[in-house]
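I have placed the structure first, in the form of structure tokens, so that the comments after it can refer back to it.
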Amino acid sequence: MAKRTLDAFFKPSAPPPKRPKTSSEPTTSNSTTSPEPPNIPTEDPKPPSQHPSYPFPIPQLPSHISIALEHATPATQPKKTTNQPHLDLLTFQPYIARQTSTALFTFLLQSLPFYRVTYKIRRGPTETQINTPRFTTVFGVDSTSTFAQTDTSSPLGLLETHTNNPVPKTKYQCVPRPIPACLDLLRRTVEKANTDSKGRTPGYNFCLVNYYASGEDSIAFHSDDERFLGAQPNIASLSLGGERDFLMKHKPFVDTGVSNGAGAAGTRVSGTRVTGVSGTVSGGGLDGSATTPVQQIKMKLGSGDMVVMRGETQANWLHSIPKRKGRAGEMTRGRINITFRRAVVPGGTDNYYRYNVGSGGMYRWDEVARKMVLQDDGKTC
Ligand SMILES: O=C(O)CCC(=O)C(=O)O
């Protein structure tokens with residue numbers, strides 16, 4: 001008998017082969033075929049997630065995906081990588097088995113609102129317009145506020161976590177969006193799959209979603225080291241759909257000439273999107289004096305793969321998804337990435353909505369055009 005993978009088990013069932021009817025089976029008046037056996041799973045569409053902050057209701061996961069997420073993740077045990085200075089990675093290849101992850105990719109592509117955010121940055125007298133080179137969306141709120149059902153007939157309200165008082169309208173620049181049920185189930189399973197270096201659960205309160213439509217879409221070298229994430233943030237990054245390269249490189253060091261005795265004799269250059277990395281970290285050897293080569297990391301992330309970046313990783317390493325040029329770019333399939341994070345102050349909420357929802361139009365996947373299409377009535381923050 002052909003071996004059936006766990007993933008295949010969770011696929012929507014094909015109708016069973018017709019079998020000969022026995023005399024004891026009841027018949028129906030308009031049918032001459034046998035009735036379906038009672039154990040065929042049927043889709044019971046659950047009501048979509050609704051909230052005044054959503055531009056449209058967000059459907060719930062079909063049950064074949066939610067059952068697979070709840071019962072068949074992690075699909076493999078994680079590999080721990082700590083063989084380079086300041087690096088602490090957990091890699092699940094995959095976290096969600098391929099067939100389920102592909103179904104989840106299609107579902108999220110069709111079900112979420114997306115944005116192509118533009119913003120201006122100023123360096124000295126020069127103002128530059130930045131066009132985010134991918135589609136983005138975000139849900140969640142930092143830990144100073146909590147979404148709560150205050151009465152059954154109203155949408156989720158936003159309360160101050162410590163007092164339970166309603167959050168004043170002026171607290172946030174954009175209206176925070178509760179994590180819809182489809183992403184919240186994913187958030188809960190990812191949270192169970194890993195801990196921080198002290199064994200604590202990550203307590204994710206944000207889902208940031210990127211959609212890379214083609215090889216032209218990318219994210220530049222950066223680190224998720226903002227203060228609003230607290231010290232040593234735990235960030236889980238899940239890939240769905242087409243395979244892409246994920247690159248990591250150590251941040252540059254400025255030689256202060258003074259060894260701190262704890263490893264790297266240098267000061268980290270802070271900030272994002274830094275290019276140019278020195279190839280070594282001084283003082284990383286066993287006797288504290290040798291020079292440890294720091295290697296760039298290149299991983300191919302396929303559908304369902306998950307990388308968890310922990311400990312000192314964000315403070316010291318940059319990561320990126322580079323563009324794919326030429327034939328490789330043309331062949332590149334769409335990819336969704338979801339990062340699960342925990343922001344601890346309102347500045348994190350403002351930052352995430354500003355750069356992942358913004359104030360431009362909203363896009364939705366168009367199944368006929370097979371691409372994201374700008375919606376006239378897109379509600380942005
Ligand atoms: O798409 C990815 O794998 C990386 C996403 C990322 O780095 C980010 O959202 O900050």
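Numbering of ligands and ligand atoms starts at 1, following listing order.
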### Query
Which of the listed options, F246, Y355, Y212, holds the heavy atom that is closest to atom 1 (O) of ligand 1?
Y212
### Query
Is there a nitrogen or oxygen of N210 sitting under 3.5 Å from a nitrogen or oxygen of ligand 1?
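N/O-N/O distance below 3.5 Å exists for this pair.
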### Query
Given the rule in the side chain to side chain contact (heavy atoms under 4.5 Å, CB included) test, do Y211 and L109 qualify, once you have shown the distances and angles that lead to the verdict?
CA-CA 8 Å; Y211 170 58; L109 189 68; 3.4 Å; yes
### Query
With no hydrogens and no angle check, do the side chains of Y95 and T189 hold a donor and an acceptor under 3.5 Å apart?
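Yes.
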For [Y], is there an ion pair with [X] - N to carboxylate O distance below 4.0 angstrom?
X	Y	value
K300	D245	yes
D88	R310	yes
D217	R244	no
D196	R342	no

Run the numbers for me: atoms of ligand 1, each under 4.0 Å from some heavy atom of [X], listed by number.
X	answer
D224	10 (O)
H222	6 (C), 7 (O), 8 (C), 10 (O)
R335	1 (O), 2 (C), 3 (O)
N337	1 (O), 2 (C), 3 (O), 4 (C), 5 (C)

### Qualifying residues under salt bridge (Lys or Arg N to Asp or Glu O under 4.0 Å), relative to D142, sequence neighbours excluded
none
### Query
Does at least one non-hydrogen atom of R134 fall below 4.0 angstrom from an atom of ligand 1?
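No.
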### Message
I'd like to know if R341 contacts ligand 1, where contact means a heavy-atom distance under 4.0 Å to any ligand atom.
### Response
yes
### Query
If you measure from each non-hydrogen atom of L208 to ligand 1, which part falls under 4.0 Å: side chain, backbone, both or neither?
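Looking at L208 and ligand 1, no heavy atom falls under 4.0 Å.
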### Task
Pick one of side chain, backbone, both or neither for how R244 approaches ligand 1, counting any non-hydrogen atom pair under 4.0 Å.
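Neither; no heavy atom under 4.0 Å.
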